[in-house]
There are 2 protein chains.
Amino acid sequence: MALRNAVMAALLEGEASGYDLAKGFDATVANFWTATPQQLYRELERMAAEGLVTARVVEQERRPDKRLFSLTPAGRDAVRAYTAEPPARPPVVRDELLVKVQCADAGDLDAVRAAVAGRMEWATAKLARYERIRQRLLAGRSEEAYFAEAERVGPYLTLLRGMSFERENLRWGELALRRLEQRSAFHRQQSE
Amino acid sequence: MALRNAVMAALLEGEASGYDLAKGFDATVANFWTATPQQLYRELERMAAEGLVTARVVEQERRPDKRLFSLTPAGRDAVRAYTAEPPARPPVVRDELLVKVQCADAGDLDAVRAAVAGRMEWATAKLARYERIRQRLLAGRSEEAYFAEAERVGPYLTLLRGMSFERENLRWGELALRRLEQRSAFHRQQSE
DNA sequence: TGCACCTACTCAACTTTTTGAATAGGTGAG
DNA sequence: CTCACCTATTCAAAAAGTTGAGTAGGTGCA
């Protein structure tokens with residue numbers, strides 16, 4: 001019942017096929033709620049059965065047909081009801097990288113450093129993608145103008161959170177890399 | 001096989017019962033890998049069967065006996081092997097609050113603002129807890145001294161990441177609150 | 001004395017999520 | 001022309017995670 005809310009959030013952006021959603025659907029909701037294709041197709045099926053979404057089959061040339069889903073009025077009501085629901089439970093975090101860092105001292109220091117560096121690279125790429133999306137949303141306007149004019153502010157706000165998250169990954173990664181390097185050097189010294 | 005790594009990370013801090021781990025085990029690993037008691041008891045059982053941990057029954061007065069688990073040499077080898085494993089997959093994030101914010105414009109604006117405010121309160125409390133743990137780890141030393149002397153830096157580094165995450169929640173929350181308030185006011189105006 | 005909640009687990013049933021593969025045509029590179 | 005990969009989806013099965021209840025004694029408070 002929780003994936004459902006994420007799917008509705010995604011469909012607020014407009015029609016989408018299961019495949020669109022699986023690919024990350026415009027890189028918005030996918031950033032704070034991930035799901036596999038399977039989950040999405042199944043959930044969309046259920047939601048259609050319950051009348052929250054309708055499917056419109058679009059026949060395509062040179063491509064398999066696709067079913068574009070969109071929110072029904074009942075679906076929009078469900079969005080409203082969902083946002084008014086009792087406080088969201090604390091986020092589920094599951095970050096392997098941090099588990100590795102926690103084990104760093106008892107593990108393979110160099111491999112952990114490489115993992116941190118990898119994450120930083122990833123964060124840099126993601127940040128660039130976010131920035132492109134931001135520019136598209138702003139459409140030339142200043143942030144102030146955007147907030148004054150845009151019909152929706154939700155997607156922009158979540159985008160900002162995503163960006164600050166990745167920036168923190170970079171900031172922290174640099175620090176962690178430096179400290180792990182220090183530790184590596186210390187170990188090398190000791191074994192001499 | 002992934003929960004297992006988090007359990008090993010926790011056991012690097014020393015012996016723990018399933019119950020200890022379930023409670024959050026010193027608020028370290030639990031911050032980037034959550035699990036229910038059931039999962040932990042089951043996983044510990046499996047790990048014991050595979051020789052990664054050993055259990056030591058401690059009889060207690062006025063309290064049920066407990067089984068304290070600790071890493072075996074094979075468990076320590078597994079930690080080493082784990083940290084050297086191929087790059088960690090990107091973190092699984094699943095934050096209902098952001099889904100709600102994404103839906104804010106189509107949903108109940110006031111409820112969403114309340115949810116953001118709730119998260120901020122939670123972040124403040126968490127930050128305070130983190131700070132206490134940090135002081136305990138530092139044990140009066142400066143950070144520089146800590147990194148030079150401490151036998152393990154992993155737990156401190158992950159703690160720093162947790163702290164920066166919560167600080168970002170606060171920073172972003174303030175901004176989001178302001179913008180959502182703006183929007184609320186705008187809607188009130190329009191309906192007059 | 002009763003109630004609520006804490007320690008310390010275990011069992012069973014359930015739901016959710018992940019993984020792997022199958023189908024079926026289309027596109028692009030060498 | 002072949003190979004790899006893209007669109008678009010479905011099926012089946014395994015792994016992971018959640019929920020609820022049960023046991024059994026202990027503490028704290030009014």
Side-chain angles (χ1 to χ4, degrees), chain A residues 1-7 10-11 15-26 29-30 32-50 53 55-70 88-96 99, chain B residues 1-8 10-11 15-26 29-30 32-50 53 55-70 86 88-96 99:
Chain A
M1 294 292 115
L3 171 57
R4 164 161 313 190
N5 301 319
V7 169
L11 290 181
E15 285 189 320
S17 68
Y19 189 75
D20 291 333
L21 293 173
K23 273 188 319 183
F25 194 50
D26 215 19
V29 185
F32 40 89
W33 204 282
T34 50
T36 59
Q38 285 328 300
Q39 280 178 76
L40 291 166
Y41 283 116
R42 220 170 336 135
E43 192 62 35
L44 285 167
E45 214 52 68
R46 278 187 218 144
M47 290 169 78
E50 294 176 39
V53 298
R56 180 170 79 87
V57 176
V58 175
E59 284 170 42
Q60 299 180 108
E61 284 169 33
R62 337 166 169 274
R63 231 150 254 293
D65 294 359
K66 61 178 167 183
R67 288 195 304 153
L68 287 178
F69 293 89
S70 47
R89 55 179 58 180
V92 174
V93 189
R94 218 152 273 203
D95 193 341
E96 275 222 70
V99 178
Chain B
M1 296 296 117
L3 172 57
R4 163 161 315 188
N5 300 320
V7 169
M8 293 192 298
L11 290 181
E15 286 189 319
S17 67
Y19 190 74
D20 291 333
L21 294 173
K23 274 189 317 183
F25 196 51
D26 217 20
V29 184
F32 40 87
W33 203 281
T34 51
T36 58
Q38 284 329 299
Q39 279 180 77
L40 291 166
Y41 284 116
R42 224 178 326 146
E43 192 62 34
L44 285 166
E45 213 54 67
R46 277 187 219 144
M47 291 170 77
E50 293 176 40
V53 298
R56 178 170 78 87
V57 176
V58 175
E59 284 170 41
Q60 298 181 109
E61 285 169 30
R62 330 163 176 278
R63 232 149 253 293
D65 294 359
K66 61 179 170 183
R67 288 196 302 155
L68 287 180
F69 293 88
S70 47
R89 56 180 57 184
V92 174
V93 189
R94 218 151 272 203
D95 192 341
E96 275 223 68
V99 179

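Hydrogens, waters and symmetry mates are skipped; everything else that's a heavy atom, side chains included, is used. Here is how names work: the chains are called A, B, and so on, in the same order as the sequence lines, proteins then strands, and each is numbered from 1.
An OP1 or OP2 oxygen of dC9(C) is reached within less than 4.0 angstrom by a side-chain nitrogen or oxygen of S17(B). A close approach under 4.0 Å does occur between a side-chain nitrogen or oxygen of Y19(A) and OP1 or OP2 of dT7(D).
With dG17(D), dT10(D), dT18(C) as the choices, the nucleotide that has an atom nearest any side-chain atom of R94(B) turns out to be dT18(C). Of the candidates dT7(D), dG17(D), dT18(C), the closest approach to any side-chain atom of Q39(A) belongs to dT18(C). Distances from the side chain of K66(B) to the nucleotides dT10(C), dA8(C), dT18(D) place dA8(C) closest. Of the candidates dT10(C), dT7(D), dT7(C), the closest approach to any side-chain atom of K23(A) belongs to dT7(D).
Between L40(A) atom CG and dT19(C) atom P the separation is 14 Å, expressed in whole Å. Atom CD of E45(A) is separated from atom P of dT9(D) by 10 Å (rounded to the nearest Å). In this structure, OH of Y41(B) is placed 19 Å from C1' of dA16(D), rounded to the nearest angstrom. Across the protein-nucleic acid pair, E15(B) atom CD and dA8(C) atom P stand 13 Å apart, rounded to whole Å. Whole-Å rounding puts the E43(A) CD to dT15(C) C1' distance at 12 Å. With rounding to whole Å, R4(A) atom CZ is found 12 Å from dT17(C) atom P. Separating the CD atom of E96(A) from the P atom of dA16(D) is a distance of 12 Å, rounded to the nearest angstrom. Rounded to whole Å, the distance from CZ on R42(A) to P on dT18(C) is 10 Å.
Of the inter-residue distances, the one linking E96(B) atom CD with W33(A) atom CH2 reads 5.0 Å to the nearest 0.5 angstrom.
In summary, E45(B) and R67(B) engage in a salt bridge, as defined by a charged side-chain N under 4.0 Å from a carboxylate O.
Nucleotides of DNA chain C nearest to V92(B) and L68(B) differ in position, and the one nearer the 5' end is that of L68(B).
A donor-acceptor pair is defined here as one N or O able to donate and one able to accept, closer than 3.5 Å; no such pair exists between the side chain of Y19(B) and the backbone of P37(B).
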As a quick check of understanding, evaluate side chain to side chain contact (heavy atoms under 4.5 Å, CB included) for L68(B) and D20(B), giving each step before the final call.
CA-CA 9 Å; L68(B) 287 180; D20(B) 291 333; 4.1 Å; yes

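Judged by distance alone, with hydrogens and angles left aside, Q38(A) brings a side-chain donor or acceptor within reach of the base of dT10(D), the pair sitting under 3.5 Å.
Using a 4.5 Å cut-off on side-chain heavy atoms (C-beta onward), V7(A) and L44(A) make contact.
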